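Working notes, beginning with the structure itself.
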Amino acid sequence: MAYKLGLIGHPIGHSLSPWIHDQFLDLAGLEGEYKLYEGDHQALPNVLKQLKEKAVDGFNVTVPYKQVIVDYLDDIDEDAKILGAVNTVVNVDGRWKGYSTDGEGYVRSIVEPFPNLLNNNTSVLLLGAGGAARGIYRALVQQQVKTVDIANRSKDKAEAFLALRTGDVKTSVLSYHEAEAQLAEYDLIVQTTSVGMKPHVEDQIIQLDNLSKDTVVSDIVYQPITTSLLKDAKQRGAKIHHGHAMLLYQGQLAFEKWTNKNLDVAHLVDRLENKLRGE
Ligand code: ATR
């Protein structure tokens, strides 16, 4: 059978998802298509009707529909429900079930190059408290690390994350200034805001004067590939982790849900980087 997959969102003309899923289909030896279904809010009901009639096997959901899609689903995964956001829909015998693959995708992307990083002694600092941070926070907590602190400009937004906690993972809500002062305490620092994204490539969310060489600094921004924060961290001798890896691994997880194929995609990280560089 030929898989019918795709993406809804607005705008999505520059999305890398078709390229990523074409690689996955090839790798899995499967026939199929991954198409863009673009539409503004007014067009959304018709776009979804089209997907229903076409009986797609599944699709991804991106900005600005990660929340509103919930109203169109027959079923929702527990984590996606708690997060209040869906980025992957699976057609299960004609019923649409929603998942969120961002957080677990992030965890997979970091565990691949740093297999021993996440354990019950790991301290993580999350920078930012937006939609991307929510999924990553929940997935890190589920890894049962020791601490996941959150630093954000507005502290009340970060405090709302406490409702996403499970187990005995500790979380403190910090200002960026407070986080900078205790930076050496962390094994992993994850930057989840848009600060440093093209065209504002000189911007950097925190200063790294207190960074330890043993810390992994991760930035989910992938345009540019190496943000100002990552360059700074690298110059200080720390290890770095690029944002495009998360994109690949959240796709890997979505693909797995649609096709039941568990692919080894590690070799595609560099190819995606080349693709982003326009090579
Ligand atoms: P996303 O869904 O991509 O995570 P979002 O939900 O709009 O986007 O979240 C944006 C995050 O980036 C928030 O943590 C926001 O901080 P506030 O909650 O204080 O607004 C953060 N952010 C965006 N621009 C920022 C800036 N210039 N300085 C500091 N934080 C910024």
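Please read all numbers here as calculations on a predicted model, not as lab measurements. Just follow the structure's listing: the first ligand is 1, and inside any ligand the first atom is 1.
- For the pair G128 and ligand 1, the shortest N or O to N or O distance does not fall below 3.5 Å.
- Assignment of I205 to the shell around ligand 1 is supported, since a heavy atom sits closer than 4.0 Å.
- For atom 6 (O) of ligand 1, the nearest protein heavy atom lies closer than 4.0 Å.
- Looking at atom 10 (C) of ligand 1, its nearest protein heavy atom turns out to be G130 CA, 4.2 Å.
- Heavy atoms of R153 found under 4.0 angstrom from ligand 1 belong to the backbone as well as the side chain.
- Checked against the 6.0 Å centroid criterion, the rings of Y34 and H21 qualify as a close aromatic pair.
- Residue T192 has no N or O atom closer than 3.5 Å to an N or O atom of ligand 1.
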Item to check | side chain to side chain contact (heavy atoms under 4.5 Å, CB included) assessment of L36 paired with S15 | outcome: CA-CA 8 Å; L36 298 178; S15 169; 4.2 Å; yes
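- Looking at S100 and D79, their side chains never bring a donor and an acceptor atom within 3.5 Å of each other.
- Taking the six-membered ring for Trp and the full ring otherwise, F24 and W19 have centroids separated by 6.0 Å or more.
- There is no protein heavy atom closer than 4.0 angstrom to atom 3 (O) of ligand 1.
- Salt bridge E273/R277: present, at least one basic N to carboxylate O contact under 4.0 Å.
- For atom 21 (C) of ligand 1, the nearest non-hydrogen atom from the set I220, T193, D156 comes from T193.
- No side-chain N or O of N87 forms a donor-acceptor pair with one of N60 less than 3.5 Å apart.
- Checking T147 against Y186 by side-chain atom types alone, no donor-acceptor pair falls below 3.5 Å.
- At a 3.5 angstrom cut-off on N or O pairs, N152 counts as close to ligand 1.
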